[in-house]
Amino acid sequence: MLVTSQPLFKRFWYPVLPMSLLAEDKPQSFQLLGQKIVVWLAAEGKPAAAPDRCCHRSAKLSLGKVTDGLLECAYHGWQYDGSGSCLRVPQISTDAPIPKNYRINTYACEERYGYVWVCLEDPINKIPELPEASDPEFRLIPEFYEIWNCAGLRVMENEMDLAHPTFVHTTTFGSAEHPIPEELEITETDYGLRATATLGVVNPESQQKNLKMDSYITHRKLEMDWFMPFTCKLRINYPNGLVHIVVNTATPIDDKSSQIVQFCMRNDTEEQTKAADAIAFDRQVTLEDKAILESTDYDVPLDAKFEQHMMTDRPGLLMRRKLAAMLSTV
Ligand code: FES
Ligand code: CO
């Protein structure tokens, strides 16, 4: 499956930029599903997104600047508002009307969880709902914003593949003695999948103290949600009540690359765990995943016959089946 040959993917929301990258006066460019877009802070600090192309002589609007919420083209200075209307043409006198067809299209664009989310066409579902994001017990920590050279679907399958930690996460939490989860339950939902599992993992601190295996293995309870097509939420519940949630979107740039947008939410305080330490641990885990995922084929077959499978691939196979069913309806 190549993402750019499936127009239905344009109808989902994706995080494209952290809000913190959007300076007041500087638009940003991004490529979403092969489409070059420009993102800027329009009136009242609300983000706006449009094709990165001026309707006058096609210059890239991301080369321009933002003045009072209007996106100004760097070529001849036409200025557009957040709805795409051209409100100012320096070459036309201010009391003359601006022709109505001096305008650019805009995309659905919203701020959520500290990121700018964009949907290229007529959304068919909502931005993933994350109840913890509005729970005052939790803090949200932005983690990574980087390009991985692999398909988003591989990243999603990997999140729910509980056979890989033993082999991939050898420097972080993978346990050689626990190559499969103790339990794995999967249910289909309207937004995708929900899975719960228990996995034996290494607690690196205890292992370093050379304790017996029984004392350095934790039986970790995981709750995983897959939001079609490319967002996953992994909620880790620790016995002491600590909750660490990783939310990860593989925003599709083109067929071969994905923008990894990851943040975490935790119900502890900065005094208990420094945000930098939480990020550093997740960083090491994530780099282990990246190294292997970038070696996989970017054209992921939805038809089960083209790859071989095992029991722990059930969530991934369900993802493929659900995507295939959805794509076949258009
Ligand atoms: Fe944008 Fe001329 S190309 S104003
Ligand atoms: Co992993």
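Every number for a ligand or one of its atoms is a count from 1 in the order of the listing.
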Peer 1: Centroid separation under 6.0 Å, is that true for the rings of Phe230 and Phe9?
Peer 2: yes

Peer 1: Could you check Thr189 against Arg194 for side-chain hydrogen bond (donor to acceptor under 3.5 Å, both in side chains), going step by step and ending with a plain yes or no?
Peer 2: CA-CA 7 Å; Thr189 62; Arg194 178 165 180 79; over 6 Å; no

Peer 1: Does the separation of the ring centres of Tyr102 and Trp78 fall below 6.0 angstrom?
Peer 2: yes

Peer 1: The Co ion (ligand 2) as vertex, arms to OD2 of Asp289 and NE2 of His164: angle to 10°?
Peer 2: 150°

Peer 1: Regarding Lys290 and Glu146, does a basic nitrogen lie under 4.0 Å from an acidic carboxylate oxygen?
Peer 2: no

Peer 1: Can you list, by chain and residue number, the protein N, O or S atoms under 2.8 Å from atom 2 (Fe) of ligand 1?
Peer 2: His56 ND1, His76 ND1

Peer 1: Would you please say whether a donor-acceptor pair under 3.5 Å links the side chains of Thr172 and Gln284?
Peer 2: no

Peer 1: Can you tell me which N/O/S atom of His169 has the shortest distance to the Co ion (ligand 2)?
Peer 2: NE2

Peer 1: Pairing donors with acceptors under 3.5 angstrom, does anything connect the side chains of Asn267 and His244?
Peer 2: no

Peer 1: Is it the case that the ring center of Phe144 lies less than 6.0 angstrom away from the ring center of Phe263?
Peer 2: no

Peer 1: Answer yes or no for Glu159: is there an N/O/S atom below the 2.8 Å cut-off from the Co ion (ligand 2)?
Peer 2: no

